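Worksheet: the structure to be examined is printed underneath.
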Amino acid sequence: MNVLLHYFMKQLEQAEKNIFLDIDKDKWRAGYHLMPPTGWLNDPNGLCMYQGEYHVFFQYSPFDAEGGLKFWGHYKSKDMIHWEYMGVPLFSDQPFDIHGVYSGSALIENEKMYLYYTGNVKLEGDFDYTNTGREPYTILVESNNGIHFGTKKCILTPKDYPKGLTLHIRDPKVWKENDIYYMVLGARAKPDKGEVLLYCSYDKINWELKNILTTEQNFGYMWECPDLFELEGKKILSVSPQGLQQQQRNYQNIHQSGYFLLKGDMTNQYTLENFTEWDKGFDFYAPQTFLDNKGRRILIAWAGIPDEKGYDNPTVKNGWQHMLTMPRELKYKNGKIYQMPIKEIEQLRTQQIAIENNMKVVPSFELEYDNKSGQSFDIEIDNDVVIAFHKQQKYFEISFKGALGSGRKSRSVTLEQCQNIKIFADKSILEIYLNAGEEVFTTRFYPQNDKVMLYYHCDTKYCKMWQMNRYTIGRNVV
Ligand code: FRU
């Protein structure tokens with residue numbers, strides 16, 4: 001065995017020794033969101049359904065709650081409610097991925113799982129790591145059981161990418177369409193333009209550049225984590241652009257995530273239209289989608305954001321940071337994508353709770369409000385988090401009055417009408433769905449006590465609330 005791999009495996013065994021045992025000792029550990037067993041998590045990777053099971057890989061730095069060397073961690077599940085933690089299938093143990101097994105995706109074919117990812121290499125020396133000193137490799141690794149992976153194969157090296165780009169090229173998403181394999185890679189063109197490289201292949205190994213997908217006007221300097229898929233016959237290009245300027249209620253975070261409608265032929269003449277943000281909350285980035293065996297297009301994102309200086313996550317002092325969003329089913333309606341948590345999440349509802357003002361509950365609940373009158377309303381948590389629809393001024397806002405946001409202040413969206421709202425609270429995360437998924441806000445929050453106080457300024461006879469159960473998470477490290 002490679003010496004480095006051996007070393008990492010030993011370290012990991014040590015780091016993960018007591019995971020899952022102390023969940024009740026940390027009031028911010030979530031019940032129905034996937035988290036790093038220990039340390040740091042970022043992007044979801046390799047999302048797929050394989051031999052009847054859902055697989056969720058993720059960017060994982062088990063040794064450092066503030067990030068660091070990235071590996072892939074792995075969860076799998078038959079029903080997206082009972083999960084098994086499978087350990088780390090991909091460590092950075094090769095010269096071409098020595099500074100990180102970066103993000104990527106899965107392709108399933110003939111009972112095999114193919115994972116594509118970016119091997120990150122940073123040379124030692126005085127470099128800017130944008131135009132010099134960085135080497136992105138595209139790597140393929142195969143598996144016959146979705147658990148053990150074979151030899152890593154380098155399929156694109158830095159000299160294979162087109163001219164005119166910086167060295168920020170990464171995050172392969174691969175799929176098959178009409179007997180051709182396609183791959184999109186996120187890129188930063190020189191000097192500062194976000195783009196997506198579209199490749200095609202007939203054998204999954206040799207790839208040819210087909211097109212460059214971008215906007216006419218600059219739209220951010222870098223596009224990370226691209227995904228290209230079809231929904232109700234429409235082609236959707238999802239990207240996470242960096243460098244957009246805030247415009248009123250749009251692009252309020254440091255980096256964004258959203259989608260374009262791709263009109264025309266992706267391999268030839270096309271246009272990218274109507275960029276729409278996936279989520280307007282404080283903590284959302286790098287989503288990836290996959291198709292399951294029920295034909296659902298499911299999205300999972302990192303409920304976090306890179307490079308943010310204004311707010312943080314106090315879980316770091318407890319040895320971990322970040323989580324993934326719940327899986328969301330996507331539907332295309334009236335020129336827009338609607339997102340709702342997958343139906344399976346309803347299985348986690350336990351007893352229904354009668355609504356009363358100033359009641360105390362464990363912050364692990366689903367709350368829905370049917371805004372029959374269409375009027376303004378607000379719901380407050382611990383006299384700090386304010387979740388409010390303002391009918392006259394036509395906007396919805398989540399804001400923090402005090403310390404629960406750990407630096408988070410306000411995020412909002414222009415909204416003519418708010419007919420309904422669903423709030424999923426899970427210990428230290430809120431996912432808020434408006435108008436049956438027309439707008440979504442994902443935001444971390446940090447209650448001081450085991451229970452929170454809820455205050456409703458709305459017609460509570462149209463409110464329903466359930467206490468939520470947890471995912472079952474087992475450990476099956478092989
Ligand atoms: C997005 C990202 C990806 C990269 C990964 C590294 O959050 O920066 O572009 O592959 O994270 O962890």
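Here the structure is a predicted model, which means the values were calculated and not measured.
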I'd like to check [X] versus [Y] (side-chain heavy atoms, cut-off strictly below 4.5 Å). Are they in contact?
{"X": "N120", "Y": "Y102", "result": "yes"}
{"X": "V184", "Y": "V174", "result": "no"}
{"X": "S240", "Y": "M222", "result": "no"}

Side chain [X], main chain [Y], donor-acceptor under 3.5 Å:
{"X": "D292", "Y": "G295", "value": "yes"}
{"X": "N420", "Y": "N435", "value": "yes"}
{"X": "Y462", "Y": "E368", "value": "no"}
{"X": "S103", "Y": "N45", "value": "no"}

| query | What's the spacing between E431 CD and M340 CE if we round to 0.5 Å? | reply | 10.5 Å

Which class fits the ring pair [X] and [Y]: parallel under 30°, tilted 30 to 60°, perpendicular over 60°?
{"X": "Y116", "Y": "W207", "answer": "perpendicular"}
{"X": "Y137", "Y": "F96", "answer": "tilted"}
{"X": "W72", "Y": "F57", "answer": "tilted"}
{"X": "Y433", "Y": "F424", "answer": "perpendicular"}
{"X": "H255", "Y": "Y285", "answer": "tilted"}
{"X": "W278", "Y": "Y259", "answer": "tilted"}

| message | Ignoring hydrogens, what is the shortest heavy-atom contact between T166 and P191? Give both atom names and the distance. | response | CG2-O, 4.2 Å

| query | Does the side chain of T442 pick up a donor-acceptor pair with the side chain of D283 at under 3.5 Å? | reply | no

| So, T214 versus K193: side-chain donor-acceptor pair below 3.5 Å or not? | yes

For [Y], does the six-membered ring have the charged nitrogen or CZ of [X] within the cation-pi criterion, i.e. under 6.0 angstrom from the centroid and within 45° of the normal?
{"X": "R444", "Y": "F282", "value": "no"}
{"X": "K204", "Y": "Y114", "value": "yes"}
{"X": "R188", "Y": "W223", "value": "no"}

| Verdict with reasoning, E416 to K391, per salt bridge (Lys or Arg N to Asp or Glu O under 4.0 Å) | CA-CA 7 Å; E416 290 273 331; K391 167 81 184 154; over 6 Å; no

May I ask you to decide whether [X] forms a salt bridge with [Y], counting only side-chain N to carboxylate O separations under 4.0 Å?
{"X": "K372", "Y": "D459", "result": "no"}
{"X": "E366", "Y": "K422", "result": "yes"}
{"X": "E329", "Y": "R297", "result": "no"}

| task | Give the C-alpha distance, both sets of side-chain angles, the deciding distance and a yes or no for side chain to side chain contact (heavy atoms under 4.5 Å, CB included) between E439 and K280. | result | CA-CA 7 Å; E439 298 291 346; K280 309 287 275 192; 3.8 Å; yes

| message | Checking K331 against E232 for the salt bridge (Lys or Arg N to Asp or Glu O under 4.0 Å) test, could you report, in this order, the C-alpha distance in whole Å, the side-chain angles of both residues, the deciding distance, and whether it holds? | response | CA-CA 8 Å; K331 296 252 168 77; E232 322 282 335; over 6 Å; no

